[in-house]
Amino acid sequence: MATIVGTPWVRIRAFPMLNPPILRHSNLYFAERCFPKFRRSFSVSASVDKVDGEVRVRFAPSPTGNLHVGGARTALFNYLFARANGGKFILRIEDTDLERSTRQSEEAVLKDLSWLGLDWDEGPSAGGDYGPYRQSERNTLYKQYAEKLLESGQVYRCFCSNEELEKMKEVAKLKQLPPVYMGKWATATDEEAQEELEKGTPYTYRFRVPQEGSLKINDLIRGEVSWNLNTLGDFVIMRSNGQPVYNFCVTVDDATMAISHVIRAEEHLPNTLRQALIYKALGFPMPYFAHVSLILAPDRSKLSKRHGATSVGQFREMGYLPEAMVNYLALLGWGDGTENEFFTLEQLVEKFSISRVNKSGAVFDSTKLRWMNGQHLRALPSEELTKLIGERWKSTGVLTESEGPFIEESVHLLKDAIDLVTDADKALSNLLSYPLHTTLTSSEAKPLVEDELSEFSASLIAAYDSGEILSALEEGPSGWQKWVKTFGKSLKRKGKSLFMPLRLLLTGKIHGPDMGASMVLLHKAGSSGVVAPQVRFVTLNDRFEILRQIDWDSVTQDSPLFESSAPASVPN
């Protein structure tokens with residue numbers, strides 16, 4: 001067994017391959033195909049001993065649409081691996097699909113990566129020693145290496161028409177064989193090729209694949225993976241229009257950019273066979289490979305648009321924090337071995353190891369992502385959280401101000417009900433609303449109504465008319481608590497028999513945030529003018545007007561709760 005040593009980080013083992021070098025002269029290559037002593041065989045195994053030298057990884061998106069969460073997770077794993085090992089994270093734009101690639105999509109991808117905090121060391125806008133970093137700007141390099149392969153005989157010109165290629169596929173399908181190339185140009189003479197060139201016949205460059213043997217790699221995530229070469233057939237590396245094919249571009253780019261580790265989605269695993277053959281033909285050392293599992297929908301199919309939001313931009317617009325997205329994406333297939341699920345980006349860099357990436361598919365759970373966003377939201381410094389939500393309330397027209405005591409106290413009171421910044425609108429609107437009619441007619445309120453709620457209401461109205469409730473609220477939460485205690489003693493009520501009817505009559509709800517803080521805020525909202533006019537805010541004064549109009553005899557019957565003199569303009 002011969003051992004070929006490449007870069008310090010990869011050892012390539014080539015098992016017995018005794019055939020002579022492939023030469024450009026096609027008549028000699030024909031002999032290789034026809035006579036057993038020249039039969040080609042190929043088997044390599046890239047195995048990992050230890051990582052030496054500089055770690056260089058890349059994320060290479062195609063700018064044909066938005067950044068999918070699967071792509072974002074791949075970028076994240078590359079970023080974490082580079083930072084954890086003191087290496088470089090390279091961004092390369094794979095825009096060889098000229099019809100679908102746009103600069104607008106490229107800019108959107110860069111924006112999403114920046115939003116996630118995944119800054120790249122080399123790439124568009126960052127520069128670097130291995131540029132250019134867009135494939136569309138590297139065509140000269142691809143053609144240079146394609147010509148090198150042509151001169152060595154590893155590649156040949158194929159003049160087959162599309163019709164001929166389709167016929168080969170049909171024949172293979174009828175024979176239940178892999179759709180490998182069976183055309184004559186692999187064994188054509190120089191004279192035959194020259195004749196077509198003089199005619200101006202379009203041609204592609206096809207790579208000569210060994211007829212026998214296998215490729216074996218030790219994937220850092222999936223373990224040993226192998227392929228038989230007889231299922232592949234000679235494949236195209238340059239199209240007839242002069243554009244390089246994906247697998248050829250990727251191999252040349254990774255090699256000339258000195259990429260040490262290729263961390264990518266498992267859907268690229270089959271590409272490894274073609275790329276490994278190109279690596280060897282050009283004399284490039286092979287990098288490590290690590291193929292990350294797919295992100296699955298709850299039904300365990302591949303996550304797609306039919307399952308809802310799937311792009312980073314969509315989640316950003318929905319109010320998700322970049323910290324939460326990064327945290328959640330990291331947990332899709334990785335864990336640090338503990339029960340901990342809350343990580344900052346810095347903590348992920350410290351903890352990340354490729355050996356702990358799971359090869360099983362990870363299910364995308366939008367409910368858990370929302371929960372995690374709430375955890376990160378509430379972990380923000382109070383000033384930052386208040387600014388974020390205050391600006392939201394003002395921008396959506398709920399409040400006329402974005403800062404001040406009312407905003408600070410509201411955020412402190414309502415934050416536990418806010419998982420997304422967008423939830424803040426509903427949380428505040430619920431506080432300001434007074435759905436008394438709906439609540440009184442609910443089954444949940446029936447025991448309260450039957451517990452002398454009408455008498456309780458009369459006592460409450462009397463306390464408001466005397467001014468003692470407003471005086472208590474002016475003193476803040478402590479004043480409110482003192483008043484509630486006194487009010488309870490006057491009615492000989494305490495605990496739930498006091499607090500539940502009090503909450504129902506004052507807030508119009510049976511459940512909600514802290515009662516004292518809520519009442520103080522409602523009082524401030526009514527006196528400060530901070531609530532926008534268009535918001536259906538029911539002030540304390542309006543609430544007591546509504547209470548005065550209730551026909552308590554009708555509460556348990558199917559008839560209007562309010563007397564005919566009730567003001568129609570007061571919302572309920």
Side-chain angles (χ1 to χ4, degrees), residues 57 59 61 66-85 89 109-120 221 263 265 290 292-298 303 307-382 384-385 387-389 392 415-424:
V57 299
F59 176 56
N66 298 319
L67 179 61
H68 187 274
V69 291
R73 185 192 58 171
T74 299
L76 175 61
F77 282 4
N78 275 279
Y79 174 89
L80 295 177
F81 186 78
R83 296 291 179 262
N85 290 281
F89 175 53
V109 169
L110 301 188
K111 179 181 178 181
D112 288 341
L113 290 174
S114 297
W115 179 73
L116 290 170
L118 307 183
D119 53 299
W120 50 97
I221 294 172
I263 303 171
V292 183
S293 64
L294 295 176
I295 295 180
L296 306 176
L303 186 68
H307 298 109
T310 58
S311 73
V312 172
Q314 285 176 297
F315 285 107
R316 183 180 65 249
E317 291 169 2
M318 289 165 63
Y320 283 86
L321 297 175
E323 298 89 343
M325 285 299 301
V326 164
N327 190 165
Y328 184 68
L329 290 175
L331 297 180
L332 292 178
W334 173 87
D336 71 343
T338 70
E339 296 296 316
N340 183 32
E341 291 187 313
F342 188 93
F343 298 95
T344 63
L345 184 57
E346 293 73 21
Q347 290 168 335
L348 287 171
V349 168
E350 181 183 342
K351 298 283 187 179
F352 187 80
S353 168
I354 200 74
S355 64
R356 295 205 61 84
V357 175
N358 199 314
K359 65 181 178 181
S360 301
V363 175
F364 191 91
D365 185 345
S366 56
T367 302
K368 185 169 184 179
L369 171 58
R370 170 182 265 273
W371 168 83
M372 184 162 286
N373 195 80
Q375 300 300 307
H376 278 274
L377 191 68
R378 289 182 283 279
L380 292 174
S382 59
E384 187 176 343
L385 179 61
K387 184 175 185 292
L388 190 66
I389 295 178
R392 167 74 189 185
K415 63 182 180 181
D416 288 342
I418 302 173
D419 286 332
L420 296 176
V421 174
T422 50
D423 294 343

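Since this is a predicted model, take the numbers as computed values, not measurements. Position 1 is the first residue of the sequence; numbering continues from there.
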message = For a quick test of reading the model, state the closest non-hydrogen atom pair linking Asn373 to Ala324 and the distance between them.
response = OD1-CB, 3.3 Å

query = Where do Leu303 and His68 come nearest, in terms of heavy atoms and distance?
reply = O-NE2, 3.6 Å

ask   = Does the pair Thr344 and Val326 meet the rule for a side-chain contact (heavy atoms from CB on, under 4.5 Å), with working shown?
value = CA-CA 8 Å; Thr344 63; Val326 164; over 6 Å; no

query = Just by distance, do the side chain of Asn327 and the backbone of Glu323 share a donor-acceptor pair under 3.5 Å?
reply = no

Atom pair OG (Ser353) and CG (Asn85), whose distance is rounded to the nearest 0.5 Å = 8.5 Å

Atom pair CG/CD of Asp336 and Glu341 - distance to nearest 0.5 Å = 10.0 Å

ask   = Nearest heavy-atom pair of Gln314 and Thr310: which atoms, and what distance?
value = OE1-N, 3.0 Å

key: Where Ala362 and Ser293 come nearest, the two heavy atoms and their spacing   = N-OG, 4.1 Å

key: Partner residues of His376 under the ring-ring contact (aromatic ring centres under 6.0 Å, His included) criterion, sequence neighbours left out   = Phe342

ask   = If you take all heavy atoms of Asn66 and Ser311, which pair is closest and at what distance?
value = CB-CB, 3.7 Å

query = Is there a donor-acceptor pair closer than 3.5 Å between any side-chain N or O of Tyr328 and the backbone N or O of Asp365?
reply = yes

Sequence neighbours left out, cut at 3.5 Å: what donor-acceptor pairs do the side chains of residues 109-118 make with other protein atoms?
{"from": "Asp112", "atom 1": "OD1", "to": "Arg316", "atom 2": "NH1", "distance (Å)": "2.5"}
{"from": "Ser114", "atom 1": "OG", "to": "Leu110", "atom 2": "O", "distance (Å)": "3.0"}

query = For Gly335, does its backbone N or O pair with a side-chain atom of Arg356 as donor and acceptor, under 3.5 Å?
reply = yes

query = How long is the span from the CG atom in Leu377 to the CE atom in Met372, to the nearest 0.5 Å?
reply = 13.5 Å

query = Between Val69 and Met325, which heavy-atom pair has the shortest distance, and what is it?
reply = CG1-CE, 4.2 Å

task = Could you tell me whether the side chain of Trp371 reaches within less than 4.5 Å of the side chain of Asp419, counting heavy atoms only?
result = no

key: Criterion ring-ring contact (aromatic ring centres under 6.0 Å, His included) against Phe352, the qualifying member of Phe343, Phe77, Phe81   = Phe77

inquiry  = I'd like to know if the side chain of Arg378 reaches the main chain of Lys415, judged simply by a donor and an acceptor atom lying under 3.5 Å from each other, with no hydrogens or angles considered.
reply    = yes

Within-4.5 Å side-chain heavy-atom neighbours: Leu380 and Leu321 = yes

task = Just say parallel, tilted or perpendicular for the rings of Tyr320 and Phe315, cut-offs at 30° and 60°.
result = perpendicular

ask   = Does the side-chain contact (heavy atoms from CB on, under 4.5 Å) test come out yes or no for Val349 and Tyr79, once each step is laid out?
value = CA-CA 8 Å; Val349 168; Tyr79 174 89; 4.3 Å; yes

Interatomic distance, Leu76 atom CG to Phe89 atom CZ [nearest 0.5 angstrom] = 8.5 Å

inquiry  = Working to the nearest 0.5 angstrom, can you tell me the gap between Ser366 OG and Lys368 NZ?
reply    = 12.5 Å

Residues in salt bridge (charged side-chain N to carboxylate O under 4.0 Å, His left out) contact with Lys359, at least two apart in sequence or another chain = none

query = Any side-chain heavy atom of Thr422 within less than 4.5 Å of one from Met318?
reply = no

ask   = Salt bridge between Arg392 and Asp423, side-chain N to carboxylate O under 4.0 Å?
value = no

inquiry  = Within the 4.5 Å heavy-atom criterion, are Leu80 and Ile354 side-chain neighbours or not?
reply    = no

From Leu331 atom CG to Leu369 atom CG, the distance as rounded to the nearest 0.5 Å = 10.5 Å

